[in-house]
Visitor: 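Here it is: the structure, laid out below.
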Amino acid sequence: MTAASDPAVLLTPLQRADSDVFFDWINDRGLVLFNSGYPPVHRPQHDAWFDAALRRQDLVLFAIRTLPERALVGTCQLTDIHPVHRSAELRIRIGAEQARGKGVGTAACRQLIEFGFRDLNLRRIWLQVFADNEPALRLYGKLGFVEEGRLREAVYLDGRYQSIILMSLLREERQP
């Protein structure tokens with residue numbers, strides 16, 4: 001499901017060729033600090049992560065590509081997929097700087113949410129976001145996510161403590 005104003009994006013399975021771009025993104029300190037602490041990742045660690053991600057049964061990981069050129073601009077995933085509780089955690093990263101702030105994340109999340117509810121038969125999709133990440137909070141609010149709680153000063157990042165907001169979206173709450 002895509003809103004009329006969303007840019008055209010396509011979620012695709014990962015390709016081996018994507019690994020090099022992901023390696024660059026995970027070592028971009030400014031990009032990583034949007035959602036976690038920054039430790040440099042060495043190539044063998046990255047290759048092991050990439051291979052393991054492709055084998056995981058509780059993870060659906062997509063490349064985000066813009067259309068019509070099919071340029072790789074990010075990743076999105078549903079992780080910790082629980083078949084009994086029918087829940088999963090949503091994560092997204094727009095790695096290509098030129099794609100940020102243009103609605104690509106919104107379009108990708110809409111598609112990922114629809115995939116989760118329709119194809120995985122999820123009941124609940126949840127996420128974690130830093131309390132000071134205003135663009136992400138606007139995005140998740142627009143998609144219908146509701147704040148469930150706050151982990152106050154839960155992480156020490158870049159010289160200061162940050163709170164984490166927990167949000168969720170139930171199947172019947174999803175936005176068109």
Side-chain angles (χ1 to χ4, degrees), residues 9 11 14 18-64 72-82 85-110 112-113 116 122-170 173:
V9 300
L11 302 186
L14 298 186
D18 297 334
S19 181
D20 290 338
V21 175
F22 294 167
F23 180 70
D24 291 341
W25 290 344
I26 200 64
N27 282 298
D28 179 336
R29 185 178 191 280
L31 178 59
V32 172
L33 289 177
F34 281 123
N35 58 10
S36 69
Y38 172 74
V41 175
H42 301 284
R43 192 66 204 214
Q45 293 170 293
H46 172 75
D47 291 342
W49 167 83
F50 191 87
D51 291 339
L54 295 177
R55 290 190 307 272
R56 282 183 56 184
Q57 298 299 305
D58 68 335
L59 169 71
V60 177
L61 178 59
F62 291 104
I64 303 170
L72 176 62
V73 297
T75 64
C76 61
Q77 62 184 286
L78 292 170
T79 188
D80 297 324
I81 299 168
H82 198 288
H85 303 309
R86 296 177 32 219
S87 68
E89 180 181 1
L90 181 148
R91 295 181 186 171
I92 184 167
R93 173 170 284 152
I94 304 299
E97 189 171 348
Q98 74 276 9
R100 291 184 213 138
K102 297 192 171 31
V104 169
T106 302
C109 282
R110 282 189 211 283
L112 184 64
I113 290 165
L122 296 176
R123 168 90 176 102
R124 178 177 181 272
I125 298 174
W126 66 280
L127 58 86
Q128 302 177 61
V129 60
F130 288 149
D132 67 352
N133 189 341
E134 289 297 326
L137 289 168
R138 280 193 302 277
L139 162 66
Y140 301 137
K142 181 175 20 176
L143 295 171
F145 281 84
V146 175
E147 183 174 333
E148 291 187 330
R150 187 176 295 249
L151 304 174
R152 298 180 309 143
E153 297 186 3
V155 296
Y156 186 75
L157 186 63
D158 214 22
R160 65 187 181 91
Y161 286 97
Q162 290 194 51
S163 297
I164 296 173
I165 296 175
L166 303 175
M167 303 179 84
S168 72
L169 178 67
L170 301 178
E173 296 171 339

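Side chains are part of it too, since the values below use all heavy atoms of this structure and drop only hydrogens, waters and symmetry mates. Heads up: numbering here begins at 1 and tracks the sequence.
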Visitor: Which heavy atom in Ser163 sits nearest to a heavy atom in Arg150, and how many Å separate them?
Guide: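 Heavy atoms of Ser163 and Arg150 come nearest at CB-CG, 4.2 Å.
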Visitor: Hey, could you give me the CD1/CD1 distance between Ile92 and Ile64, rounded to the nearest 0.5 Å?
Guide: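 One gets 4.0 Å once the value is rounded to the nearest 0.5 Å.
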Visitor: Measure the spacing between CG of Leu143 and CD1 of Ile113 and express it to the nearest 0.5 Å.
Guide: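 If I round to the nearest 0.5 Å, the distance is 4.5 Å.
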Visitor: List in chain and number order the residues that pass salt bridge (charged side-chain N to carboxylate O under 4.0 Å, His left out) with Glu148, two or more places apart in sequence or in another chain; answer none if no residue qualifies.
Guide: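 Partners of Glu148 by the salt bridge (charged side-chain N to carboxylate O under 4.0 Å, His left out) criterion, ordered by chain and then number, come out as Arg124.
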Visitor: Test of understanding: with side chain to side chain contact (heavy atoms under 4.5 Å, CB included), list the residues that count as partners of Gln98, not counting sequence neighbours.
Guide: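 In terms of side chain to side chain contact (heavy atoms under 4.5 Å, CB included), with neighbours along the sequence ignored, Gln98 is linked to Ala96.
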Visitor: Could you work out, with side chain to side chain contact (heavy atoms under 4.5 Å, CB included) as the rule, every residue matching Arg86, not counting sequence neighbours?
Guide: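 Side chain to side chain contact (heavy atoms under 4.5 Å, CB included) list for Arg86, sorted by chain: Asn121, Arg123, Arg171.
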Visitor: Answer yes or no: are there more than 12 heavy-atom neighbours, outside Glu97 itself, under 6.0 Å from its atom CD?
Guide: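 No, not enclosed.
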Visitor: Where is the tightest heavy-atom contact between Cys76 and Leu11, given as atom of each residue plus distance?
Guide: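 Answer, listing the atom of Cys76 first, then Leu11: SG-CD2, 3.7 Å.
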Visitor: Just wondering, do Leu137 and Met167 contact through their side chains at under 4.5 Å, heavy atoms?
Guide: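 With C-beta onward as the side chain, the pair touches.
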Visitor: What are the two closest heavy atoms between Leu14 and Phe62, and how far apart are they?
Guide: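 In terms of heavy atoms, the two residues are closest at CD2-C, 4.0 Å.
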Visitor: Name all residues meeting the side chain to side chain contact (heavy atoms under 4.5 Å, CB included) criterion together with Ala136; count only those two or more places apart in sequence or in a different chain, and write none if there are none.
Guide: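 Residues passing side chain to side chain contact (heavy atoms under 4.5 Å, CB included) with Ala136: Val129, Asn133, Tyr140.
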Visitor: Is a donor on one side and an acceptor on the other found under 3.5 Å between the side chain of His46 and the backbone of Asp24?
Guide: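 Looks like no, no N/O pair under 3.5 Å.
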Visitor: Looking at Leu139 and Cys109, what are the two nearest heavy atoms and their distance?
Guide: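 Smallest interatomic distance, heavy atoms only, reads CD2-SG, 4.2 Å.
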Visitor: State, with a plain yes or no, whether a side-chain heavy atom of Val9 is found less than 4.5 Å away from one of Val73.
Guide: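 The answer is no, as the side chains (C-beta and beyond) never meet within the 4.5 Å cut-off.
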Visitor: Over all heavy atoms of both residues, which pair between Ala88 and Ile81 is shortest? Give the atoms and the distance, please.
Guide: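 Closest approach of Ala88 to Ile81: CB-CG1, 3.8 Å.
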Visitor: Tell me which pairs pass salt bridge (charged side-chain N to carboxylate O under 4.0 Å, His left out) where either residue lies in residues 128-140, with sequence neighbours left out.
Guide: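 Found Asp132-Arg160.
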Visitor: With sequence neighbours excluded, what pairs up with Glu153 under the salt bridge (charged side-chain N to carboxylate O under 4.0 Å, His left out) test?
Guide: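 So Glu153 forms no salt bridge (charged side-chain N to carboxylate O under 4.0 Å, His left out) with any residue.
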Visitor: Can you name the side-chain hydrogen bond (donor to acceptor under 3.5 Å, both in side chains) partners of Glu89, sequence neighbours left out?
Guide: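 With sequence neighbours excluded, Glu89 shows a side-chain hydrogen bond (donor to acceptor under 3.5 Å, both in side chains) to Arg91, Gln128, given in chain and number order.
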Visitor: Could you please spell out the steps behind the side chain to side chain contact (heavy atoms under 4.5 Å, CB included) verdict for Leu78 and Leu122?
Guide: CA-CA 10 Å; Leu78 292 170; Leu122 296 176; 4.1 Å; yes
Visitor: Would you indicate whether the side-chain heavy atoms of Phe130 and Ile164 approach each other to under 4.5 Å?
Guide: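 Side chain of Ile164 against side chain of Phe130, heavy atoms only: contact under 4.5 Å found.
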Visitor: How far does CZ of Phe145 sit from CD1 of Ile165, to the nearest 0.5 angstrom?
Guide: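 Nearest 0.5 Å value for the CZ-CD1 distance: 13.5 Å.
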Visitor: Enumerate donor-acceptor pairs with a distance under 3.5 Å from any side-chain N or O in residues 47-59 to protein atoms, sequence neighbours excluded.
Guide:
{"unit_1": "Asp47", "atom_1": "OD1", "unit_2": "Arg43", "atom_2": "NE", "d": "3.0"}
{"unit_1": "Asp47", "atom_1": "OD1", "unit_2": "Arg43", "atom_2": "NH2", "d": "3.4"}
{"unit_1": "Asp51", "atom_1": "OD1", "unit_2": "Arg16", "atom_2": "NH1", "d": "3.0"}
{"unit_1": "Asp51", "atom_1": "OD1", "unit_2": "Arg16", "atom_2": "NH2", "d": "2.9"}
{"unit_1": "Arg55", "atom_1": "NH1", "unit_2": "Asp51", "atom_2": "O", "d": "3.2"}
{"unit_1": "Arg56", "atom_1": "NE", "unit_2": "Asp58", "atom_2": "OD1", "d": "2.8"}
{"unit_1": "Arg56", "atom_1": "NH2", "unit_2": "Asp58", "atom_2": "OD1", "d": "3.0"}
{"unit_1": "Arg56", "atom_1": "NH2", "unit_2": "Asp58", "atom_2": "OD2", "d": "3.1"}
{"unit_1": "Arg56", "atom_1": "NH2", "unit_2": "Thr79", "atom_2": "OG1", "d": "3.1"}
{"unit_1": "Gln57", "atom_1": "NE2", "unit_2": "Arg55", "atom_2": "O", "d": "3.3"}

Visitor: Checking Arg100 side chain against Ile94 main chain: does a donor-acceptor pair fall under 3.5 Å?
Guide: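 Flag set: sc Arg100 to bb Ile94 pair under 3.5 Å.
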